[in-house]
Amino acid sequence: MADFILEISHLKKYFKTHNGMLHAVDDVSFSLERGKTLGVVGESGCGKTTLGRTILRLVEPTSGKIFFEGKDITGVSSRSMKRARKEMQIIFQDPFSSLDPRNTIYQTISEPIRANRVMRGKRKIEDRVLELMGTVGLAERFINTYPHELDGGRRQRIGIARALALEPKFIVCDEPVSALDVSIQAQILNLLMDLQAKMGLTYIFITHDLAVVNHLADDIAVMYLGQIVEKAATEELFAHTLHPYTKALLSAIPIPEIMERREHVLIKGEISSPINPPDECRFAKRCPSADAECTSRTPSLREVSPGHLVACCKV
Amino acid sequence: MNKESLSESILEIRDLTVHYEVGQEVIKAVNHLNLSLKKGRTLGLVGETGAGKTTTALAIQKLIMSPPGVIKSGTVDICGNKIMELSVKDLELIRGSVVSMIFQDPMTSLNPVFTVGEQIAESYMIHEGIPKKQAIEKAMKMLETVGIPRNRASEFPHQFSGGMRQRVVIAIALTCNPQLLIADEPTTALDVTIQAQILDLMRKLKEGRGMSMIMITHALGIVADICDEVAVMYAGRIVEKGSLADIFNHTKHPYTEGLFNSLPNIRNRSMRLIPIPGLMPDPAHLPAGCAFAPRCKYAGSDCTAEQPEEHWISDSHMVACAAYGRNGFHIERHEK
């Protein structure tokens, strides 16, 4: 039997706005195997970041269940949540705003250690911080510097060291390389993959960059307006793309190679409003193959071949 | 169009040097840059943050903010106009009608208190001297050209999405049929499906109008998709330039090699990425020799001593690297 570290069941997160309920995450279910990487891809506003934060209960879910290591963490007190969070961490997108500018590298990396009292004694903590800095490839001389003295790549290494400080089993990586230049991006991606291999970490990797997710994810979930529209093993998703939105997304990836002029599957229009969405396929308005059936109900996510799930009336 | 006018040069940059002087520090943003572009061609200006791409684009139009910016040397010739010698008044006539620019962020490049119709019409009123009513009518036509219904001309920028705003910015840039369009990361702030729409639109407009274009980007995928020629910038210099095939299939500069090898390959996911070690040097403290030498695995003692010379491999392909031509030097690219 597969060993699932995380199971999400009918997770919803709605935000109240002036115009109605904003369905940021709308009935998302999936399981994540230990030691694997699930890539969550989608465009701005599809709910991928909210999904990541809701899983860690950094925002409270509206409804649904989150099982971490078999335990339901949705109802638990903040004290036991604090305990659970030692094992689940997050790396943020923007290494410029996710670090406190008034804290030195030492303070930032040691903060989770001090807050959770997993270690006592300045000496011991400092040794641990230096060890973590070594793990993520930061030279020891930076220990007393401030974030503004460092470049984006090094700052992101600090964010990773901080996430690793409590020896978590599971990390949500929320666009960790989007703010970085390609040469630096490659350094961070290699680091994340090495850490996973060494420590057996499980990742949810949130990104809009399909080339990146293809490179490091075992499975990919494609989100559109709060829902997963397709999920499959990475190779399967690229080889047998089923959902029209995934097809458009894959065909829009700019590939750095000279080739015959590609026929882009251009989709019309733009993402519609996530506020009070009607009961219909949310992609129907932009979909080249949509008909009356698509606007009559919300298609459910169903398995069409082992491990390949798709939510489309036409598949 | 006959063959001769096709090969006509639209842009000539010679020895362009731009510094930003901040207090005691001199930031050497662009250093002795040479570049030319022929009519109807699209050039991809590629490089990472801080390479000097945007400064180059602004300097071409003499739009460098001064202070702190200083154009230290160089000449720029756009369609026979010697930009550096022109008065402010003459420059205003040229910007928009001869050379036009699209900025990265469509959220900040539009004025929030004017309707999009008015913002497009403004260009017509200034350059063609026509009354507002007539200009608005032309603006509506222009909106349709970029794929926006004409009745939206009376709406304000905040009523448009990011992709639509970028279409409006493109409309403004094209009002007076510029010969040269400079697009500074026009799709970086947009989602991939919207990016594909905008690139498709730009390609069609460019082809329909016989315009030349400079596409500033850090994404080699976009370059492959839309450009004919490529210039790779590093620390304010062009380190390699050539046709799309020269750069993509016959890479000669170690930095270009590094850029390609650090990209994930969509066709081969098990391939390990090869990052470029280290960081781009601080443009206020550039090394005496090749700026890439500290990160370069091919670097020898001659690299750090002086600036590498330009080597012309063919009529189109130039590389500025001292290692080129050295015995046994060859670039290692990932297998496709």
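Atoms considered below: every heavy atom in the structure, side chains included; atoms not considered: hydrogens, waters and symmetry mates. Labels below follow one simple rule: chain letters A, B, ... track the order of the sequence lines, proteins then strands, and each chain is numbered from 1.
At a 4.5 Å heavy-atom cutoff, the contact between B:Glu48 and chain A is made by backbone and side-chain atoms alike. Only the side chain of A:Leu189 has a heavy atom closer than 4.5 Å to any heavy atom of chain B. At a 4.5 Å heavy-atom cutoff, the contact between A:Asp151 and chain B is made by side-chain atoms alone. Residue contact with chain B, scored on non-hydrogen atoms closer than 4.5 Å, is absent for A:Ala239. Heavy atoms of B:Val223 lying under 4.5 Å from chain A are absent altogether. Proximity to chain A is limited to the side chain of B:Leu263, based on heavy atoms less than 4.5 angstrom apart. Heavy-atom distances place both the backbone and the side chain of B:Ile194 under 4.5 Å from chain A.
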Evaluation steps, side-chain contact (heavy atoms from CB on, under 4.5 Å), between A:Asp181 and B:Met280: CA-CA 11 Å; A:Asp181 275 319; B:Met280 197 185 286; 5.8 Å; no
Test side-chain contact (heavy atoms from CB on, under 4.5 Å) applied to A:Ile184 and B:Leu279, step by step: CA-CA 8 Å; A:Ile184 309 298; B:Leu279 299 169; 3.8 Å; yes
CA sep, side-chain torsions, deciding dist, call: B:Leu273, A:Gln185, side-chain contact (heavy atoms from CB on, under 4.5 Å): CA-CA 10 Å; B:Leu273 305 180; A:Gln185 171 177 311; over 6 Å; no
Worked check of side-chain contact (heavy atoms from CB on, under 4.5 Å) between B:Leu259 and A:Val182: CA-CA 7 Å; B:Leu259 281 182; A:Val182 286; 3.6 Å; yes
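Of the listed residues (B:Asn261, B:Ile226, B:Val192), the one with the most heavy-atom contacts under 4.5 Å to chain A is B:Val192.
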